[in-house]
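The block underneath contains the structure these notes are about, expressed in structure tokens.
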6 protein chains.
Amino acid sequence: MEANLDDQTGEALGYVMQLLLDAGALDVYFTPIQMKKNRPATKLSVLIQPAAREQFVQLLLQHTSTIGVRYQTWQRTIMQRHFEQVMTTYGSVQIKVVTYGEIVKRTPEYADCARLAQQQQVPLMTVYQAALQQVK
Amino acid sequence: MEANLDDQTGEALGYVMQLLLDAGALDVYFTPIQMKKNRPATKLSVLIQPAAREQFVQLLLQHTSTIGVRYQTWQRTIMQRHFEQVMTTYGSVQIKVVTYGEIVKRTPEYADCARLAQQQQVPLMTVYQAALQQVK
Amino acid sequence: MEANLDDQTGEALGYVMQLLLDAGALDVYFTPIQMKKNRPATKLSVLIQPAAREQFVQLLLQHTSTIGVRYQTWQRTIMQRHFEQVMTTYGSVQIKVVTYGEIVKRTPEYADCARLAQQQQVPLMTVYQAALQQVK
Amino acid sequence: MEANLDDQTGEALGYVMQLLLDAGALDVYFTPIQMKKNRPATKLSVLIQPAAREQFVQLLLQHTSTIGVRYQTWQRTIMQRHFEQVMTTYGSVQIKVVTYGEIVKRTPEYADCARLAQQQQVPLMTVYQAALQQVK
Amino acid sequence: MEANLDDQTGEALGYVMQLLLDAGALDVYFTPIQMKKNRPATKLSVLIQPAAREQFVQLLLQHTSTIGVRYQTWQRTIMQRHFEQVMTTYGSVQIKVVTYGEIVKRTPEYADCARLAQQQQVPLMTVYQAALQQVK
Amino acid sequence: MEANLDDQTGEALGYVMQLLLDAGALDVYFTPIQMKKNRPATKLSVLIQPAAREQFVQLLLQHTSTIGVRYQTWQRTIMQRHFEQVMTTYGSVQIKVVTYGEIVKRTPEYADCARLAQQQQVPLMTVYQAALQQVK
Ligand code: NI
Ligand code: NI
Ligand code: NI
Ligand code: NI
Ligand code: NI
Ligand code: NI
Ligand code: NI
Ligand code: NI
Ligand code: NI
Ligand code: NI
Ligand code: NI
Ligand code: NI
């Protein structure tokens with residue numbers, strides 16, 4: 001779901017991003033674009049489940065300056081995921097384990113690392129690397 | 001309708017935007033992209049009615065450097081619109097009123113505000129705010 | 001001279017670009033930036049002669065939403081330029097000749113090519129290439 | 001103060017923006033750039049008072065992946081500001097009044113409008129326009 | 001085929017672009033986007049033949065940090081192309097001739113011009129313009 | 001050192017980036033900008049030692065379409081660096097160790113990881129994480 005916005009401020013767009021995420025959007029992102037009459041503008045993209053479309057059409061028409069919304073159905077391939085736990089000097093961190101057939105990827109959860117980094121007053125990367133070193 | 005352009009200058013792309021708008025495109029916009037071999041490039045996007053597709057394929061192939069054009073059909077939800085008139089210290093301004101079910105949005109027309117701002121030698125925002133204050 | 005703008009619309013920024021060019025700015029350009037609180041924003045850059053600074057500070061404070069402007073002096077190396085004339089099937093085109101020491105560059109003037117392309121209903125590139133073929 | 005970052009994730013950069021704002025930076029913003037070897041990257045810009053420079057050099061070297069920081073002194077012209085209060089149907093909103101010589105600009109405070117919009121379950125623009133209508 | 005990436009570095013993305021091109025992608029490009037939590041991010045887009053989809057889904061899941069890939073089928077109109085040869089002072093350059101109905105475009109091949117420019121120690125534009133002057 | 005380019009193609013700019021890096025520039029990067037007359041354009045930035053300025057002014061004037069170059073002196077704080085070696089299942093990887101006062105950061109060298117990833121046919125991230133796990 002997309003809309004091109006040349007008559008809404010950045011301040012207002014930051015507000016809308018949060019509102020759409022709170023309403024359950026799978027993903028919300030902005031792309032810088034250039035529209036007619038020398039206007040720097042922003043494309044708002046919202047990824048949602050097809051069943052939620054009318055709800056989000058309403059939200060976009062109500063909370064942005066756009067007079068229209070366009071949408072399309074994409075297919076998706078999503079990896080399976082579960083979480084494991086590792087212990088570091090800074091505390092416990094969840095490891096996100098995602099799999100698709102033979103493919104396996106393990107990454108420390110950002111939110112855990114960020115929380116510990118703030119509590120322990122160390123750089124985020126320090127916690128992230130410490131967590132990664134505990135991954136087998 | 002889209003094309004990625006890495007072998008056309010910005011000067012020439014500004015020309016093409018105007019040409020496509022003059023030919024009746026609903027919207028034309030540029031997105032900065034990054035292509036292979038360290039090339040900064042531009043994605044040209046054109047929104048048109050499905051019936052105009054062959055006409056615009058021809059225009060893009062003729063007036064841009066691309067050797068191919070890709071296209072897709074999007075669905076759209078568009079608000080109803082009509083115009084009202086308000087009077088300000090600076091002159092008369094049209095208010096665009098757009099509606100969709102219960103949703104109603106009123107915004108001063110950019111073109112009117114811009115014209116008055118230039119005639120009266122005041123900032124655009126001054127006229128815009130004055131118009132907004134007359135909206136009930 | 002620069003200002004970061006997160007509380008002005010693209011529509012209004014397009015208006016400001018034209019206003020600053022009309023006021024004699026050497027160059028005006030926009031850069032897409034990302035500010036705090038998830039705000040997509042625009043950096044407005046204006047290149048001017050040092051003597052015009054106070055005039056442009058006033059214009060920016062008056063016509064944009066910013067509460068402050070920052071500025072710096074850059075040094076510049078500029079090539080010498082003069083114009084030559086070539087005749088093509090589509091009409092006469094000026095060639096901009098720029099030089100710096102041993103370096104010489106010749107390019108057909110965009111404005112001439114654009115005018116002829118519209119008059120003769122041919123692509124801009126056709127006129128541009130025709131002009132280039134007449135350059136010795 | 002600037003650094004080009006091609007070896008830090010977006011997740012980590014979002015964390016750093018907040019950290020720098022919490023440390024008292026006047027402004028922090030990101031610009032999308034394109035570096036060698038086909039790398040999409042981000043330029044981090046931090047505006048600070050000259051006296052805070054060594055503190056922020058340390059923060060950037062510690063919390064980002066960069067191995068160097070570059071900096072420059074800009075001059076700035078800043079408008080005077082004070083706040084006024086207006087009452088709307090949705091509650092009380094502060095109006096930021098900024099002045100420079102003859103120039104006066106009044107804008108409703110984003111934070112107030114956002115808070116009321118959430119409390120009253122109305123669009124941000126509705127509160128913003130209501131506040132603007134109370135500005136004399 | 002697209003994926004939004006906020007947890008992979010620019011360095012790693014440059015590597016992935018080359019890997020996807022080597023695997024036979026028709027085109028690969030990056031778009032700067034802005035994701036939640038103040039994250040500057042990159043959208044990776046890959047254009048491929050429909051038959052290659054599962055192969056590229058695997059490559060993206062294996063070589064990027066994404067946990068999901070989305071895809072769609074676009075229609076395309078592609079011009080016919082063949083090559084002609086012209087001789088310049090700097091050496092022989094291929095001219096790409098592309099046609100679609102009445103439309104014909106001729107452009108000097110970038111790779112040839114680049115090779116000659118390096119061999120002869122002249123600017124790329126000099127070779128490019130010389131080749132263009134030989135095009136009838 | 002900077003130049004705004006609206007009359008050079010992306011193809012030609014990719015060529016120039018490599019040429020400037022080969023000539024010894026410390027860093028070269030592109031920023032997408034928007035210039036007058038609806039032109040999407042590119043700002044070319046080159047970081048060099050002050051002593052190399054005239055050489056690079058010449059290179060930019062000769063190899064880009066610009067008619068002028070602007071430049072400024074920045075101050076920089078650069079971390080000390082040396083390299084250590086770690087052994088992984090995939091081969092030997094250099095670890096870049098950078099220091100500034102108390103601050104120490106260790107990161108696996110991209111080039112080593114990329115080379116091993118290609119030789120061993122494993123994802124870059126696999127080698128990178130393996131190297132990181134050997135860092136003490
Ligand atoms: Ni509008
Ligand atoms: Ni498990
Ligand atoms: Ni090409
Ligand atoms: Ni009405
Ligand atoms: Ni604000
Ligand atoms: Ni002459
Ligand atoms: Ni690196
Ligand atoms: Ni007052
Ligand atoms: Ni994540
Ligand atoms: Ni032929
Ligand atoms: Ni020009
Ligand atoms: Ni050591």
Side-chain angles (χ1 to χ4, degrees), chain C residues 1-13 15-17 19-20 23 25 27-76, chain D residues 1-2 5 10 13-34 42-50 71-83 96-111 113-114 124-125 128 132:
Chain C
M1 185 169 289
E2 288 185 359
N4 290 358
L5 299 161
D6 69 357
D7 46 4
Q8 192 156 21
T9 66
E11 252 179 20
L13 287 169
Y15 181 87
V16 167
M17 178 184 267
L19 183 144
L20 295 169
D27 202 2
V28 179
Y29 62 96
F30 296 129
T31 309
I33 60 171
Q34 178 178 338
M35 294 178 71
K36 66 180 176 185
K37 298 187 190 172
N38 290 312
R39 296 173 183 171
T42 298
K43 187 175 73 172
L44 166 61
S45 302
V46 188
L47 304 186
I48 52 169
Q49 298 293 357
R53 196 176 66 201
E54 185 55 26
Q55 176 200 352
F56 277 90
V57 165
Q58 297 258 358
L59 283 173
L60 261 73
L61 295 182
Q62 193 156 27
H63 291 281
T64 74
S65 59
T66 196
I67 61 162
V69 174
R70 55 186 189 274
Y71 36 85
Q72 252 184 345
T73 309
W74 290 73
Q75 288 176 274
R76 294 205 307 164
Chain D
M1 185 170 290
E2 288 186 358
L5 300 161
L13 287 169
Y15 181 87
V16 166
M17 178 184 267
Q18 198 54 56
L19 183 144
L20 295 169
L21 289 167
D22 292 347
L26 300 179
D27 201 1
V28 180
Y29 62 96
F30 296 128
T31 308
I33 60 172
Q34 177 177 341
T42 299
K43 187 174 74 172
L44 166 62
S45 302
V46 189
L47 305 186
I48 52 168
Q49 298 294 357
Y71 37 84
Q72 253 184 344
T73 309
W74 290 72
Q75 288 177 272
R76 295 204 305 164
T77 299
I78 302 290
M79 300 178 84
Q80 299 288 330
R81 71 175 142 177
H82 71 276
F83 291 90
K96 186 165 59 182
V97 186
V98 291
T99 56
Y100 179 75
E102 309 261 287
I103 303 167
V104 184
K105 297 186 289 195
R106 288 182 162 79
T107 43
E109 268 295 274
Y110 164 76
C113 297
L124 175 59
M125 288 182 290
Y128 192 89
L132 213 50

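As the structure is a prediction and not an experimental result, all values here were calculated from the model. Every chain is numbered from 1 and lettered A, B, ... according to where its sequence line falls, protein lines coming before strand lines.
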What residues of residues 24-31 of chain D make heavy-atom contacts with chain C at a cutoff under 4.5 angstrom? D/D27, D/V28, D/Y29, D/F30, D/T31
For D/T77, is it the side chain, the backbone, both or neither that has a heavy atom under 4.5 Å from a heavy atom of chain C? both
Can you name the residues that form a salt bridge (Lys or Arg N to Asp or Glu O under 4.0 Å) with C/K43, not counting sequence neighbours? C/E2
Reported CZ-to-CD distance for the pair C/R70 and D/Q75, which is rounded to 0.5 angstrom: 13.5 Å
Counting only heavy atoms closer than 4.5 Å, note whether C/N4 contacts chain D via side chain, backbone, both or neither. side chain
To the nearest 0.5 Å, atom CD of C/Q34 lies from atom OG of D/S45 at 12.0 Å
What heavy-atom pair brings D/P32 and C/P32 nearest, and what distance separates the two atoms? CD-O, 3.3 Å
Excluding sequence neighbours, so at least two apart, what forms salt bridge (Lys or Arg N to Asp or Glu O under 4.0 Å) with C/K37? none
Please tabulate, for side-chain N and O atoms in residues 46-63 of chain C, each donor-acceptor pair with protein atoms closer than 3.5 Å (sequence neighbours left out).
{"unit_1": "C/E54", "atom_1": "OE2", "unit_2": "C/Q58", "atom_2": "NE2", "d": "3.3"}
{"unit_1": "C/E54", "atom_1": "OE2", "unit_2": "D/Y100", "atom_2": "OH", "d": "3.0"}

Given C/I67, C/T66, C/T73, the one with more heavy-atom pairs under 4.5 angstrom with chain D than any other is C/I67
